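Keep in mind that what you see is a predicted model, and the values were worked out from it rather than measured.
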Amino acid sequence: MERGNVSLTLERVTLEDRGEYVCRVSSEQWFDKASVFLTVKVLGGIPVLSVAVGGGGQVNITCLSEGWSPQPKLSWKNKEGTEIRNEQEVLNTFDPLGLVSVSSWLLYPPSDSDWLSCTVSLSEEEKRESRVLPHKPGAWKEDFIVTLVLSLLLLSALSTVVCILLKHRDQMKLEQNKSETKKLFKGTENSLEKRPVKEGKNLQDWHQVKGFKENITMDENTAHGTIRVTQDGKTAHYIKEKETMKSSDQRHPHVLANQSFGSEQHYWEVKVRDETVDKAVGDCGQLSWYVGVARDNAKRTSTVAVTPLHGF
């Protein structure tokens with residue numbers, strides 16, 4: 001007060017603080033006063049533009065922006081930046097907080113290239129702007145429907161091509177597996193025909209091999225946890241592995257036979273049938289099968305790896 005400084009400081013200013021402030025100084029012989037008007041600026045929201053059908057082949061474009069303080073200016077411009085004078089007055093409304101909502105509308109010829117802009121501003125630096133192409137309402141729906149139909153047709157064609165290619169690939173795989181199986185049996189026939197029999201004779205005919213046929217049954221006690229052996233020991237089924245099964249138990253699922261041989265020649269048949277082959281081409285789940293022999297000292301457990309190291 002000794003230096004005449006009676007300044008007022010306002011913190012966390014709100015809209016309620018706006019208005020006129022008066023400073024009055026007086027003594028017994030003298031008094032004076034001065035006033036200042038405080039304006040609180042609030043930048044409003046981005047203008048929202050909407051297009052509707054107007055009269056005379058034109059479209060009605062509406063611009064709305066809310067939450068301004070003080071009252072802003074609204075203007076329309078074309079893509080060249082030229083301001084469009086609108087004969088209609090701008091409508092301003094106040095909400096309970098004292099903020100201004102501004103709106104205006106404009107009749108304009110429809111266009112697919114000449115965009116319009118609606119700008120709401122307090123100054124050149126404090127402004128919001130939105131742009132719109134004055135399409136005729138409903139025109140975009142026709143374009144969208146045509147595009148959608150073409151997209152669906154293209155997608156359907158691509159799906160058909162992919163399905164055909166996948167089926168062809170799976171059919172080729174199936175034919176290749178059948179060919180390899182035939183070659184394997186053919187090689188076995190040739191090998192057996194060249195080997196001498198126990199009486200010193202050569203096997204000249206495949207039917208002679210069947211003379212050494214053995215009745216083989218499987219030992220259920222040696223079956224892996226994913227293999228189920230029927231009561232007569234003649235059939236084994238593979239079942240899906242349990243998710244809880246240890247990784248060490250999932251190696252080389254197999255089952256051993258009850259019979260064993262020390263010498264001479266023996267013959268048996270193994271019929272392998274993968275049920276997935278009977279399904280439509282392209283189904284997944286085909287399995288690989290192995291048929292072989294094991295030494296007498298092979299570990300008769302179902303969790304060991306089927307390798308020569310373990311007697312297989």
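- With Asn258 contributing its side chain and Met218 its backbone, the two residues share a donor-acceptor pair below 3.5 Å.
- Side-chain atoms of Val53 and Val59, non-hydrogen and from C-beta on, never get closer than 4.5 Å to each other.
- Residues Thr235 and Asp232 approach most closely at N-OD1, 4.2 Å, considering heavy atoms.
- Judged purely by atom type and a 3.5 angstrom limit, Ser130 has no side-chain atom pairing as donor or acceptor with the backbone of Leu49.
- A distance of 10.0 Å separates CZ in Arg18 from CG in Leu38, rounded to the nearest 0.5 Å.
- Within the 4.5 Å cutoff, no side-chain heavy atoms of Thr62 are placed close to those of Val48.
- In this structure, the ring pair (Phe, Tyr, Trp, His ring centres under 6.0 Å) partners of Phe261, at least two apart in sequence or on a different chain, are His266.
- When all heavy atoms of Pro47 and Cys118 are compared, the pair lying nearest together is CG-O, 3.8 Å.
- Between Tyr21 and Leu8 there is a side-chain heavy-atom pair separated by less than 4.5 Å.
- Ser260 pairs by the side-chain contact (heavy atoms from CB on, under 4.5 Å) definition with nothing, not counting sequence neighbours.
- Between atom CG of residue Leu74 and atom CH2 of residue Trp68 there is a gap of 9.5 Å, rounded to the nearest 0.5 Å.
- Within 6.0 Å of atom NZ in Lys234, more than 12 heavy atoms from other residues, nucleotides or ligands are found, so the atom counts as buried in its surroundings.
- For Ser156 (side chain) and Leu152 (main-chain N/O), no donor-acceptor pair under 3.5 Å exists by modelled atom type.
- The hydrophobic cluster containing Leu165 also includes Val161, under a criterion of side-chain heavy atoms closer than 4.5 Å among ILVMFWY residues, counted directly or through chains of members.
- Between Gly44 and Ser65, the closest heavy-atom pair is C-OG, 4.5 Å.
- In this structure, the side chains of Leu106 and Leu116 come closer than 4.5 Å at one or more pairs of heavy atoms.
- Under a hydrophobic-cluster definition in which Ile, Leu, Val, Met, Phe, Trp and Tyr are linked whenever side-chain heavy atoms come within less than 4.5 Å, directly or via other members, Leu10 and Val36 are assigned to the same cluster.
- Here Glu214 pairs with nothing under the salt bridge (charged side-chain N to carboxylate O under 4.0 Å, His left out) rule; sequence neighbours left out.
- No side-chain heavy atom of Val102 sits less than 4.5 Å from a side-chain heavy atom of Leu91.
- Annotation for Glu28: atom CD does not count as buried by contact number, only 12 or fewer foreign heavy atoms lying within 6.0 Å.
- Cluster annotation: Ile216 is connected to Val270 through the hydrophobic network of ILVMFWY side chains, with a link wherever side-chain heavy atoms come within less than 4.5 Å.
- Across every non-hydrogen atom of Val100 and Pro70, the tightest pair is CG2-C, 4.5 Å.
- By the side-chain contact (heavy atoms from CB on, under 4.5 Å) test, Glu220 is found to be paired with Val229, residues two or more places apart in sequence or in another chain being considered.
- Remark: side-chain polar atoms of Thr82 are not paired, donor with acceptor, to backbone N or O of Asn78 under 3.5 angstrom.
- Grouping the Ile, Leu, Val, Met, Phe, Trp and Tyr side chains by contacts below 4.5 angstrom, directly or via other members, places Val132 with Val90.
- Within the 4.5 Å cutoff, the side chain of Leu15 has heavy atoms near those of the Ser69 side chain.
- Atom NE2 in His254 sits 10.5 Å away from atom OG1 in Thr226 (nearest 0.5 Å).
- Between the CZ atom of Arg228 and the NE2 atom of His237 there is a distance of 11.0 Å, given to the nearest 0.5 Å.
- Residues Leu43 and Val40 do not share a hydrophobic cluster, defined by chaining ILVMFWY side chains whose heavy atoms lie under 4.5 Å apart.
- Looking at heavy atoms from C-beta onward, Asn215 lies out of side-chain contact with Trp268 at the 4.5 angstrom threshold.
- Here CG of Leu122 is found 10.5 Å from CD of Gln71. Values are rounded to the nearest 0.5 Å.
- Annotation: side-chain hydrogen bond (donor to acceptor under 3.5 Å, both in side chains) contacts of Lys79 (sequence neighbours excluded): Asp114.
- For the residue pair Lys77 and Ile84, the shortest heavy atom distance occurs at C-CD1, 4.1 Å.
- Side-chain contact between Val120 and Lys127: absent, with no pair of heavy atoms (C-beta onward) separated by less than 4.5 Å.
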Test side-chain contact (heavy atoms from CB on, under 4.5 Å) applied to Glu83 and Trp76, step by step:
CA-CA 6 Å; Glu83 185 173 353; Trp76 295 91; 5.9 Å; no
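- Between the side chains of Ser121 and Glu126, no donor-acceptor pair is found at a separation under 3.5 Å.
- Taking every heavy atom of both residues into account, Gly45 and Arg128 meet most closely at O-CG, 3.8 Å.
- Donor-acceptor pairing under 3.5 Å is recorded for the side chains of Thr119 and Glu129.
- Rounded to the nearest 0.5 Å, atoms CG (Leu153) and CG (Leu158) are 11.0 Å apart.
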